[in-house]
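Below, all heavy atoms of this structure are taken into account, side chains as well, without hydrogens, waters or symmetry copies. Proteins get letters first, then strands, A, B, ... in listed order; numbering begins at 1 in each.
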There are 2 protein chains.
Amino acid sequence: MSLNTRAEVLFKTLVQLYIDGGQPVGSRTLARQAGLELSPATIRNVMADLEELGLVESPHTSAGRVPTQLGYRLFVDSLVKVSPLDQKALHMIEDKLTSKHDPQALLASASSLLSEFTHLAGVVTVPKPDHAALRQLEFVRMSKDRILVILVTNEGRVQNQIIGADREYSDSELVEAGNFFNATYGGMSLDDVRHELLTAMERDSRDMHRITQTALEMARQMFQQAEDDAEEELVVSGEANLLEVPEWSDVSKLRDLFSAFKRKRDLLHLLDRSVRTSGIQIFIGDESGYRPLHDCSVISAPYEVDGSVVGTLAVVGPTRMSYERVIPMVDVTARLLSSALRG
Amino acid sequence: MSLNTRAEVLFKTLVQLYIDGGQPVGSRTLARQAGLELSPATIRNVMADLEELGLVESPHTSAGRVPTQLGYRLFVDSLVKVSPLDQKALHMIEDKLTSKHDPQALLASASSLLSEFTHLAGVVTVPKPDHAALRQLEFVRMSKDRILVILVTNEGRVQNQIIGADREYSDSELVEAGNFFNATYGGMSLDDVRHELLTAMERDSRDMHRITQTALEMARQMFQQAEDDAEEELVVSGEANLLEVPEWSDVSKLRDLFSAFKRKRDLLHLLDRSVRTSGIQIFIGDESGYRPLHDCSVISAPYEVDGSVVGTLAVVGPTRMSYERVIPMVDVTARLLSSALRG
DNA sequence: CTTGGCACTCATATCCTGAGAGTGCCAGAC
DNA sequence: GTCTGGCACTCTCAGGATATGAGTGCCAAG
């Protein structure tokens with residue numbers, strides 16, 4: 001699939017023109033815009049070659065050319081020249097991401113920044129807290145039979161849950177239970193704590209101190225429920241931006257897409273794939289392997305906390321998107337989010 | 001605007017037919033469906049009367065009749081017969097709302113239940129916590145210069161915030177600061193606490209104990225930031241359902257609507273109005289007074305905690321919605337949410 | 001008061017036509 | 001061999017004509 005320089009130049013300008021205008025590009029316009037002194041007829045010959053290579057196609061006989069999926073792939077792999085983000089935008093992102101410290105709020109901000117700047121949908125996966133370490137667990141009495149359990153991880157993530165109590169506990173009992181628990185399990189990863197809890201429960205609980213028992217039982221309930229929640233692991237924002245995409249003025253395509261966002265599962269799976277690679281990853285059209293993303297592109301980048309990748313952020317839009325602008329945006333946001341999370 | 005029984009029956013069936021079918025209703029179909037032994041010609045005479053009263057109109061000369069806004073108003077005020085929700089749905093709602101205890105999660109559940117069962121958009125306002133009482137404030141050290149502040153209200157709402165520290169604090173200092181704060185301000189409403197904090201800071205802080213000072217300063221920062229956040233006060237779900245509304249197959253109307261959901265302000269204002277009234281409230285079309293809701297109806301009901309109204313939930317959809325089904329759904333959800341919040 | 005009948009009005013679907021855009025290919029020029 | 005102008009061809013799209021069908025309004029008679 002090696003193209004001579006001329007074909008490459010022509011192909012590149014074709015893609016750019018199409019991305020800008022959304023209209024199939026004819027030989028005439030291409031001749032004017034490409035900066036080469038060639039007649040439309042010559043261009044047509046080149047186009048025929050490109051079509052044979054599968055890089056472009058025409059919607060119908062008399063309609064100019066449009067990049068194919070393969071064409072976009074070539075474009076983003078070796079032709080697109082990503083310009084660095086302009087200073088103003090950069091500062092804005094930085095400001096937004098450093099003004100908050102709460103990790104959950106940070107992810108939400110990142111997602112909405114992505115959607116805002118790209119005018120597409122922004123997506124951020126929420127890292128599973130299992131590998132985070134337990135900093136502190138706290139029991140707070142809400143009413144006779146309801147106790148609020150607050151779990152704080154060393155990343156500053158706060159998770160809270162109200163659990164039912166089997167009997168009435170005094171404030172001091174709860175404090176004591178908390179102290180015991182933190183002394184025993186503080187600093188362990190949530191995964192390990194969960195595991196330890198299960199085995200601790202299995203050991204004969206008769207010979208445990210009452211407070212111990214209380215603490216373990218309540219913590220178990222907490223972890224149980226947290227698991228059940230299956231937690232919303234994806235922050236999506238700016239879906240509404242996709243209403244503006246002209247090629248989707250047909251509502252039925254939008255419906256599919258929106259329900260895909262709602263289901264989350266497939267999308268999550270796709271983004272999980274890109275957790276393992278480092279750096280920007282781009283899925284064009286069918287490459288994602290999911291039907292509703294048929295004519296979408298997904299540009300994703302992993303973000304990290306303290307040097308290890310914990311999640312992915314991405315932008316979802318039509319295949320005809322401005323890769324040139326979106327790629328650096330995703331890149332920068334991932335970097336800045338990572339450093340904001342490190343704090 | 002008093003109608004004789006015959007006109008009333010005809011009008012009612014017209015509205016129902018139109019709500020079901022979405023097509024303007026002609027005299028012929030109406031004659032067949034109304035159960036009265038009348039010829040189409042007679043129906044036409046009645047329709048002319050209804051049109052004069054402003055209850056129905058026809059999109060064009062030969063297109064049957066459609067209820068006007070005024071018509072819908074009459075329909076919901078005195079004609080619609082709300083059937084009680086079926087048992088299966090009732091139990092499902094009850095299950096969903098009693099399985100969680102966390103108030104924030106409850107509101108989210110209520111919103112998604114509304115949208116799921118009505119196939120429209122569900123909206124729930126998040127009560128301002130200002131009137132809630134402070135149960136407990138807690139300071140947790142995250143790193144040298146960052147402290148996590150956790151605020152728990154007596155309703156079980158947990159709010160957390162990471163604030164910067166001017167110096168390094170020891171764990172025991174933080175515990176002590178927390179204890180002091182809770183002893184002093186525990187049980188007061190957040191409003192009052194905020195107010196007290198300001199005046200306390202104004203008093204000469206020189207003669208305060210160091211711990212006191214620490215606690216106050218950090219709490220002040222916490223309240224400050226919480227205020228800045230202006231907190232997302234509206235939980236919207238199922239917007240995507242509105243893509244299915246056939247009369248909005250045109251994307252531009254959807255755009256307006258979606259951006260209205262995003263802005264939230266107007267919607268919030270509208271729902272605030274209905275906090276003050278008790279029971280179901282229905283805004284049909286322009287009655288809401290907001291442009292993007294021009295051809296929407298909003299059905300809202302306040303919900304309460306411990307006997308006093310704290311928020312509103314609502315369903316937003318096209319004026320042509322099944323009031324018969326939606327009204328009881330909103331009603332029931334509001335009731336069940338209230339009782340779930342009471343615990 | 002009700003009804004059948006009839007003329008009338010629109011919206012919608014279908015078909016046709018012409019204009020315009022763009023292609024493919026060929027033959028000739030460089 | 002490469003490029004170019006020219007020409008026939010194809011296909012979309014907009015506009016106009018036509019027909020069809022649904023539904024109304026009104027009138028005159030029961």
Side-chain angles (χ1 to χ4, degrees), chain A residues 2-11 13-18 20-68 71 246-247 249-250, chain B residues 2-11 13-18 20-68 71 246-247 249-250:
Chain A
S2 72
L3 303 175
N4 59 41
T5 352
R6 194 177 68 181
E8 205 174 281
V9 170
L10 284 173
F11 176 64
T13 44
L14 181 143
V15 176
Q16 283 169 335
L17 285 173
Y18 181 65
D20 282 0
Q23 300 296 325
V25 183
S27 54
R28 216 191 140 102
T29 29
L30 203 46
R32 275 200 304 263
Q33 301 281 342
L36 307 175
E37 293 299 318
L38 291 175
S39 78
T42 314
I43 307 274
R44 284 204 283 278
N45 292 327
V46 180
M47 296 318 259
D49 297 347
L50 291 178
E51 185 149 12
E52 201 153 354
L53 288 171
L55 296 175
V56 299
E57 65 191 348
S58 44
H60 57 87
T61 340
S62 78
R65 299 307 207 295
V66 161
T68 61
E247 43 264 68
S249 60
D250 172 20
Chain B
S2 72
L3 303 174
N4 59 42
T5 353
R6 195 178 65 181
E8 205 173 280
V9 169
L10 284 174
F11 176 65
T13 45
L14 181 142
V15 176
Q16 283 168 336
L17 284 173
Y18 180 64
D20 282 359
Q23 301 297 326
V25 182
S27 56
R28 217 190 138 100
T29 30
L30 204 47
R32 274 199 306 262
Q33 302 282 341
L36 307 175
E37 294 297 317
L38 290 175
S39 76
T42 315
I43 307 277
R44 286 204 281 279
N45 291 327
V46 181
M47 296 316 259
D49 296 348
L50 291 178
E51 186 149 14
E52 200 153 356
L53 288 172
L55 296 175
V56 299
E57 65 191 349
S58 43
H60 56 86
T61 340
S62 78
R65 299 305 208 296
V66 160
T68 61
E247 42 263 69
S249 59
D250 174 20

Problem set entry | Protein-nucleotide distance (B:I43, atom CD1; D:dA22, atom P), rounded to Å | 18 Å
Exercise. Which heavy atom of A:I43 sits nearest a heavy atom of A:L10, and at what distance?
Worked result: CD1-CD2, 3.6 Å
Exercise. What is the distance from CG of A:L38 to P of D:dG5, rounded to the nearest Å?
Worked result: 11 Å
Exercise. Think B:S39 has a side-chain N or O under 4.0 angstrom from the OP1 or OP2 of C:dT2?
Worked result: no
For this session: Between B:A63 and B:P40, just flag the one whose closest nucleotide in DNA chain C comes earlier from the 5' side.
Result: B:P40
Write down the protein N/O and nucleotide N/O pairs, taken from nucleotides 24-27 of chain C, whose separation is under 3.5 Å; answer none if there are no such pairs.
from	atom 1	to	atom 2	distance (Å)
C:dG24	OP1	A:R65	NH2	2.8
C:dG24	N7	A:R44	NE	3.1
C:dG24	O6	A:R44	NH2	3.2

Problem set entry | Atom pair OG1/CG of A:T42 and A:L36 - distance to nearest 0.5 Å | 10.5 Å
Seminar exercise, completed: From CG of B:D49 across to P of D:dC26 the rounded distance in Å is 12 Å
Sort me out a list of protein N/O and nucleotides 10-14 of chain D N/O pairs below 3.5 Å, or just none if empty.
from	atom 1	to	atom 2	distance (Å)
D:dT10	O3'	A:T61	OG1	3.4
D:dC11	O5'	A:T61	OG1	3.3
D:dC11	O4'	A:T61	OG1	3.4
D:dC11	O2	A:S62	OG	3.0

Problem set entry | d(CG, A:L10; C1', D:dT2) in whole Å | 15 Å
Distance-only donor-acceptor pairs under 3.5 Å for side chains of residues 22-35 of chain B, two or more places apart:
from	atom 1	to	atom 2	distance (Å)
B:S27	OG	B:R44	NH1	3.2
B:T29	OG1	B:G26	N	3.4
B:T29	OG1	B:G26	O	3.0

For this session: Quick one: list whatever passes salt bridge (Lys or Arg N to Asp or Glu O under 4.0 Å) with A:E247, sequence neighbours left out.
Result: A:R320
Exercise. Which whole-number value in Å describes the distance from A:N4 CG to D:dC3 P?
Worked result: 9 Å
Sequence neighbours excluded and cut-off under 3.5 Å, please list the side-chain donor-acceptor pairs for residues 49-62 of chain B, or say none.
from	atom 1	to	atom 2	distance (Å)
B:E51	OE1	B:R65	NE	2.8
B:E51	OE1	B:R65	NH2	2.8
B:H60	ND1	B:S62	N	3.4

Exercise. When all nucleic acid strands are considered with a 4.0 Å heavy-atom cut-off, which category describes A:S27: base, sugar-phosphate, or nothing?
Worked result: sugar-phosphate
Exercise. So what does B:Q23 hit on the nucleic acid, given a heavy-atom distance under 4.0 Å: a base, only sugar-phosphate, or nothing?
Worked result: nothing
Exercise. When the distance from CG of B:L14 to C1' of D:dG23 is rounded to whole Å, what number comes out?
Worked result: 13 Å
Exercise. What heavy-atom pair brings B:G71 and B:F11 nearest, and what distance separates the two atoms?
Worked result: O-CZ, 3.4 Å
Exercise. Within less than 4.0 Å of OP1 or OP2 of C:dT2, is there a side-chain N or O belonging to B:R6?
Worked result: yes
